Number of protein chains: 2
Amino acid sequence: MKVLVVFAHPEERSFNKSLLDSYVKHLESQGNEVKVSDLYKQNFKAVVDRDDFLNLDKDARLQVASASYGAFAAKQLTPDVVDEMDKLVWADTIVFHFPIWWFGMPAILKGWVDRVFACGFAYGTGEYTATRFGDRYGEGIFAGKKAFVVTTCGGSVEQYSDRGINGPIDHVLFTINHGLLFYTGCEVLPAIVIHRTDGRKEEGFKEAVDLVNERFDKFDSVEPINYRKQNFGDYEIPSLRLKEGLELPNESGYDIHIAKK
Amino acid sequence: MKVLVVFAHPEERSFNKSLLDSYVKHLESQGNEVKVSDLYKQNFKAVVDRDDFLNLDKDARLQVASASYGAFAAKQLTPDVVDEMDKLVWADTIVFHFPIWWFGMPAILKGWVDRVFACGFAYGTGEYTATRFGDRYGEGIFAGKKAFVVTTCGGSVEQYSDRGINGPIDHVLFTINHGLLFYTGCEVLPAIVIHRTDGRKEEGFKEAVDLVNERFDKFDSVEPINYRKQNFGDYEIPSLRLKEGLELPNESGYDIHIAKK
């Protein structure tokens with residue numbers, strides 16, 4: 001395997017960094033290649049601004065999508081962004097590893113997405129016709145790769161369960177799993193979620209390491225989340241509404257975009 | 001009204017900035033007080049790190065929640081964060097105004113949340129007993145305030161509709177409306193969402209301005225989203241699972257956390 005881990009935590013001695021070190025070592029011991037984008041260590045610039053687009057006229061109005069598209073096409077994105085793109089293209093497996101802060105990614109990782117998932121690279125590609133709406137949601141730059149989230153959170157399993165007040169964890173992560181990873185063509189494996197991290201002692205840490213290592217050990221047998229592809233008949237084009245009757249009788253919201261076997 | 005707008009867009013000549021200027025002018029012309037946290041203009045630091053906690057020992061392991069709690073209690077957060085807290089406390093109305101990038105907030109705004117919503121201020125407050133699980137979800141520092149999102153996006157209304165491939169817009173925004181604004185005690189008004197922004201001409205811009213101005217003109221008559229409060233009997237404590245039978249027969253996921261009248 002060629003694994004890229006995009007990692008976001010500010011502390012070298014954290015639960016998350018120790019977990020990262022453990023599974024990277026495990027992967028390497030089995031002959032896999034691993035690259036880690038340690039965003040805090042890289043001091044990765046988290047904020048999209050005009051400095052990202054080297055060919056943008058200094059007096060031009062910044063429209064992010066079009067500036068991104070123009071700079072990507074002209075090879076005028078900044079070297080830090082290009083490096084991350086190269087690692088993504090190199091990998092066959094992509095892991096986003098971060099603590100859940102306020103029900104989402106730390107800003108440094110969101111900024112990595114905002115900058116690296118450029119127009120013409122991660123979106124805005126492919127044909128827009130009567131039967132296709134671009135290469136996205138099941139097609140795109142990362143087609144053929146697998147991806148998943150490793151994350152920690154303060155809340156309990158129950159608080160993120162089907163009836164939990166935070167919402168189901170798969171819904172909290174939907175804009176990442178479906179909106180970033182599946183959107184760009186990855187097959188998305190279920191997230192590995194470590195709950196109540198701050199209270200964990202040695203045993204709880206070991207349990208987390210085992211969970212992630214087991215994921216890699218049984219990698220090929222893990223079923224991806226069965227998100228519906230956009231351009232294969234399930235959606236009206238261009239409204240991109242799911243055709244009537246495809247979902248189960250009681251499904252609504254995010255759940256209708258996962259096909260049941 | 002005393003309105004705080006937390007605004008995140010990098011371009012002075014953008015649709016979003018022009019929209020902001022228009023409704024701020026409208027509000028002020030009617031005698032309201034308005035403060036704007038223009039995060040790009042302020043060059044707001046987007047990334048949580050140990051520099052945020054002035055009393056953290058330089059050799060100490062950084063645990064974000066506890067460092068945040070300790071620095072808030074000791075008045076050892078950085079001045080930029082304290083300024084934002086003061087503005088939040090001052091306001092009776094809070095607006096988060098941003099473009100949707102990759103189904104979420106721009107990183108600079110997520111980082112503002114990560115830094116300003118400190119432990120002891122925005123979370124980790126109140127009593128944890130058999131009947132209460134802290135002051136959150138309907139109680140908290142911002143109780144008595146109203147808040148809402150103003151946002152722009154590339155996708156159409158249909159693509160963000162009940163059957164749309166992006167998921168319903170109210171689900172995409174749930175971790176903001178419910179997870180940030182309601183969590184900290186605000187009454188949350190429905191988001192104002194401007195679709196297909198890049199294609200809009202003068203008329204489409206004016207339509208957006210009218211939408212926001214109308215929101216303020218009819219402010220007191222706008223019904224808040226009826227999220228269920230955490231500590232008032234609807235949830236088991238401490239699992240925070242919604243008690244059985246409270247939702248409508250076909251509801252699941254995020255929707256069960258909104259009580260129907």
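Letters go in sequence order (proteins before strands), and every chain restarts at 1. Note that the coordinates shown come from a computational prediction; the quantities given were computed from them, not determined experimentally.
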**Request:** Name the region of I256(B), side chain, backbone, both or neither, that has any atom closer than 4.5 Å to a heavy atom of chain A.
**Result:** side chain
**Message:** Would you say that more than 12 heavy atoms from the other residues, nucleotides or ligands in this model lie under 6.0 Å from the OH of Y69(B), or not?
**Reply:** no
**Message:** So, taking the atom named CG in L240(B) and the one named OG in S156(A), what distance separates them when rounded to the nearest 0.5 Å?
**Reply:** 6.5 Å
**Asked** Which bit of R50(A) is near chain B, if near means a heavy-atom gap under 4.5 Å: side chain, backbone, both or neither?
**Response** side chain
**Which portion of A60(A) sits near chain B, non-hydrogen atoms under 4.5 angstrom** = backbone
**Fill in**
Given K243(A), E247(A), R13(A), H9(A), the one with more heavy-atom pairs under 4.5 angstrom with chain B than any other is R13(A)
**Fill in**
Residue from W112(A), Y227(A), F174(A), F133(A) scoring the most non-hydrogen pairs under 4.5 Å with chain B is F133(A)
**Request:** Sort out for me which of Y183(B), Y137(B), W102(B), Y235(B) touches chain A most, counting heavy-atom pairs under 4.5 Å.
**Result:** W102(B)
**Asked** What part of H257(A) is in contact with chain B, defined as an atom under 4.5 angstrom from a non-hydrogen atom: side chain, backbone, both or neither?
**Response** side chain
**Message:** Please output the residues of residues 157-166 of chain B in contact with chain A, using a heavy-atom cutoff of under 4.5 Å, in numerical order.
**Reply:** E158(B), Q159(B), S161(B), D162(B), R163(B), G164(B), I165(B), N166(B)
**Request:** Among the options V113(B), L39(B), D49(B), L109(B), pick out the one with the most heavy-atom pairs lying under 4.5 Å from chain A.
**Result:** V113(B)
**Prompt:** If you tally heavy-atom pairs under 4.5 Å against chain A, which of N250(B), T175(B), D114(B), D198(B) wins?
**Reply:** D114(B)
**Request:** Test K110(A) against M105(B) for side chain to side chain contact (heavy atoms under 4.5 Å, CB included), laying out the working first.
**Result:** CA-CA 8 Å; K110(A) 180 55 168 54; M105(B) 297 182 284; 5.8 Å; no
**Message:** The criterion is side-chain contact (heavy atoms from CB on, under 4.5 Å); which residues satisfy it with L248(B), sequence neighbours excluded?
**Reply:** E251(B), K260(B)
**Prompt:** When only pairs under 4.5 Å are counted, which of P249(B), G179(B), G167(B), G111(B) shares the most heavy-atom pairs with chain A?
**Reply:** G179(B)
**Asked** Considering only heavy atoms, which portion of Q63(A) lies under 4.5 Å from any heavy atom of chain B: side chain, backbone, both, or neither?
**Response** side chain
**Heavy-atom pair count under 4.5 Å with chain A, highest-scoring of Q230(B), E12(B), E244(B), E236(B)** = E244(B)
**Request:** Look only at the side chain of E11(B) and the backbone of R61(A), and say whether a donor-acceptor pair between them is shorter than 3.5 Å.
**Result:** no
**Request:** For residues S252(B) and D255(A), report the shortest heavy-atom separation together with the two atoms involved.
**Result:** OG-OD2, 4.2 Å
**Asked** If every non-hydrogen atom of G253(A) is compared with every non-hydrogen atom of P168(B), which pair is closest and at what distance?
**Response** CA-CG, 4.0 Å
**Asked** Under 6.0 Å from the CZ atom of F103(B), do we count more than 12 heavy atoms belonging to anything else shown?
**Response** yes
**When R115(A), H178(A), R228(A) are compared by non-hydrogen pairs under 4.5 Å with chain B, the top option** = H178(A)
**Item:** Y40(A) side chain vs V48(B) backbone, donor-acceptor pair below 3.5 Å
**Value:** yes
**Prompt:** Would you say the side-chain atoms of Y254(A) pair up with the backbone N or O of V172(B), donor to acceptor, closer than 3.5 Å?
**Reply:** yes
**Message:** Which residues pass the salt bridge (Lys or Arg N to Asp or Glu O under 4.0 Å) test with D135(B), not counting sequence neighbours?
**Reply:** R132(B)
Would you give me the side-chain donor-acceptor pairs under 3.5 Å for residues 116-128 of chain B, sequence neighbours excluded?
none

**Atom group of P238(A) that falls short of 4.5 Å from chain B, counting heavy atoms** = backbone
